[in-house]
Amino acid sequence: MEENVIKAVSYFSAAIFLVVAITMFFVTYTDSDKTIDLVNGKISDKGTVYVAKTADYNENTVAGAFIIGIIKNCPGHDIYIDTEYIPAGTGAVMSEISFVNIEDYYTAQYIYGPDGEIESIRFIKK
């Protein structure tokens, strides 16, 4: 019986400390009104709390070292680097990749097929 009372008192104390800590945070924080309004709005709107921006993979700038890493890890798509062609499945066995300068920057363009999947990746030296 005594153990249950001690356990109940400890749980109650922990809950009180948690409420006090959260209250103190909002009281001491200078923009607490904005934060409380934001939290209340997100809870009551029943909408998404976090909205992600879709990634645009076209026209990304990558380094030559990134391209070499893709080639060494056996690409799943055909790769075009300026005028050079590397078919899908070519991996670390490809010995001649000296045409890729690791210090240069390339623009990456993803070419999509009619089904919406990536067919090939084209890297053009900047």
Side-chain angles (χ1 to χ4, degrees):
M1 179 75 177
E2 191 174 313
E3 293 173 3
N4 291 338
V5 172
I6 292 173
K7 189 183 278 189
V9 169
S10 66
Y11 286 148
F12 182 72
S13 300
I16 293 294
F17 282 127
L18 181 64
V19 169
V20 168
I22 293 172
T23 304
M24 288 302 295
F25 170 75
F26 285 118
V27 167
T28 58
Y29 186 59
T30 57
D31 293 331
S32 63
D33 292 336
K34 292 178 185 176
T35 306
I36 291 171
D37 290 340
L38 177 70
V39 170
N40 285 337
K42 292 301 180 180
I43 290 173
S44 63
D45 289 346
K46 297 188 186 211
T48 56
V49 175
Y50 179 76
V51 178
K53 181 180 173 188
T54 58
D56 182 19
Y57 292 109
N58 282 326
E59 304 300 328
N60 285 334
T61 303
V62 296
F66 176 78
I67 298 171
I68 291 174
I70 291 175
I71 295 169
K72 293 287 185 182
N73 289 322
C74 192
H77 311 292
D78 293 338
I79 295 178
Y80 297 93
I81 303 170
D82 290 330
T83 58
E84 301 291 330
Y85 169 69
I86 300 169
T90 304
V93 295
M94 184 176 183
S95 60
E96 186 56 40
I97 54 172
S98 62
F99 56 87
V100 179
N101 186 354
I102 62 172
E103 296 175 353
D104 282 343
Y105 286 96
Y106 296 81
T107 302
Q109 296 176 340
Y110 290 75
I111 295 140
Y112 297 96
D115 57 353
E117 294 196 16
I118 298 174
E119 282 185 353
S120 63
I121 306 170
R122 181 176 306 274
F123 295 103
I124 302 168
K125 187 185 282 188
K126 287 189 126 188

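Predicted model only: the values in this text are computed from it and were never measured.
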Atom pair CD1 (I81) and CD1 (I86), whose distance is rounded to the nearest 0.5 Å = 4.0 Å
query = In terms of hydrophobic clusters joined by side-chain contacts under 4.5 Å, are Y105 and I102 together?
reply = no
Atom of A108, atom of F123 and distance for their closest heavy-atom approach = CB-CE2, 3.6 Å
message = What's the separation between atom OG1 in T107 and atom NZ in K126, rounded to the nearest 0.5 Å?
response = 4.5 Å
task = Please report the shortest heavy-atom distance between E119 and H77, naming the atom on each side.
result = O-CB, 3.9 Å
query = Can you list the residues that meet the salt bridge (charged side-chain N to carboxylate O under 4.0 Å, His left out) rule with D104, with sequence neighbours excluded?
reply = K125
ask   = Is the side chain of D78 donor-acceptor paired with the backbone N or O of P87 at a distance under 3.5 Å, no angle test?
value = no
Donor-acceptor pairs under 3.5 angstrom involving side-chain atoms of residues 10-19: please list them, not counting sequence neighbours.
from: S10; atom 1: OG; to: I6; atom 2: O; distance (Å): 3.4
from: S10; atom 1: OG; to: K7; atom 2: O; distance (Å): 2.7
from: S13; atom 1: OG; to: V9; atom 2: O; distance (Å): 2.8

ask   = What are the two closest heavy atoms between I124 and D82, and how far apart are they?
value = CA-OD1, 3.4 Å
ask   = So, for G64 and Y106, which heavy atoms are closest and what is the spacing to 0.1 Å?
value = CA-CE1, 3.8 Å
